[in-house]
Amino acid sequence: MTETALRERLIVGLDVPTLKAAEQAVSELGDTVSFYKIGYQLAFAGGLGFASELVSSGKKVFLDMKLLDIDNTVAKGVENIVRMGVSMLTLHAYPKAMRAAVEAARGSDLCLLGVTVLTSMDQQDLADAGYEHDPDTLVLIRSEQALQAGMGGIVCAATEAAAVRKIVGPELAIVTPGIRPAGADLGDQKRVMTPADALRSGASHLVVGRPIVGAPDRKAIAEAILAEMSNA
């Protein structure tokens, strides 16, 4: 794998409160990182405009919006997101929403990702929300539904990547948050894995947020994670 291809497998989550903080992180990481995730926190602080700036500067952007609404609303949102030029977009892996999004993105390069079960949730959390399935079972059900809907990939915990890969085959992206280098604080994540183990399990892209963005030397941590990925 080329160095460029390897870098495009590491997605740094810009989970910061302000545009200034995001700009500082991107500046410090420089050419070490080529792919960034923008979620709710930054999106509601001007991050959507910043996403377009990153794309214009040659970076790739994963827009983590976890869309879920009536079909027409999802479709119209996806149509506008396609125009932004971002590379990836998440929506909750509900069959109707996924089918609407796939149709709206048809003909574009946007990779639609179905979010199966959030990595902060365990079996008790699902039970509290009214789901009868355990996390592993629900992830597999939703992965099959995403494949049937024509989605570009899946978001799941790295601990589930191997089982999901068996369902979706070699072509679909498997994007895994909850990546923590050995010894890192788990934060609010409950289903985690190291970068090397995640790749060995079948993940195609790794999302790393706080371990990089919250580090005193962000670039050094990003380079260390890339080295671990390369060895895997």
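You'll find the side chain of Ile174 reaches within 4.5 Å of the side chain of Arg165, heavy atoms only. Residues Thr32 and Arg7 are in side-chain contact: their nearest non-hydrogen atoms beyond the backbone lie under 4.5 Å apart. Counting heavy atoms from C-beta outward, Tyr131 and Val117 have side chains that stay 4.5 Å or more apart.
Note that OG of Ser204 is 10.5 Å distant from CD1 of Ile154, once rounded to the nearest 0.5 Å. Here the CG atom belonging to Leu67 is positioned 10.0 Å from the OG1 atom belonging to Thr73, to the nearest 0.5 angstrom. Here Ile81 contributes atom CD1 and Leu110 contributes atom CG; the two are 7.5 Å apart, rounded to the nearest 0.5 Å. The distance from the NZ atom of Lys66 to the CG atom of Leu113 is 10.5 Å, given to the nearest 0.5 Å.
A salt bridge is defined here as a Lys NZ or Arg NE, NH1 or NH2 lying under 4.0 Å from an Asp or Glu carboxylate O, and Glu23 with Lys20 fails to meet this definition. Between Asp71 and Arg99 there is no salt bridge, since no side-chain N of the basic residue sits under 4.0 Å from a carboxylate O of the acidic one. A salt bridge is absent between Asp217 and Lys219: the closest approach of a Lys/Arg side-chain nitrogen to an acidic carboxylate oxygen does not fall below 4.0 angstrom.
Val155 and Ile141 are assigned to two separate hydrophobic clusters, defined by single-linkage of ILVMFWY side chains at heavy-atom distances under 4.5 Å.
The aromatic rings of His92 and Tyr94 sit perpendicular, their planes meeting at an angle over 60°, well past the 30° parallel limit.
Residue Asp15 comes nearest to Gln41 through the heavy atom pair C-OE1, 3.2 Å, listed as atom of the first residue, atom of the second, then distance. Pairing each heavy atom of Leu10 with each of Ala222, the nearest pair is CD2-O, 4.2 Å.
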Would you mind writing out the side-chain donor-acceptor pairs for residues 45-61 within the sub-3.5 Å range, not counting sequence neighbours?
from  : atom 1 : to    : atom 2 : distance (Å)
Ser56 : OG     : Ser52 : O      : 3.1
Ser57 : OG     : Leu54 : O      : 2.7
Lys59 : NZ     : Gly30 : O      : 3.0
Lys59 : NZ     : Val33 : O      : 2.7

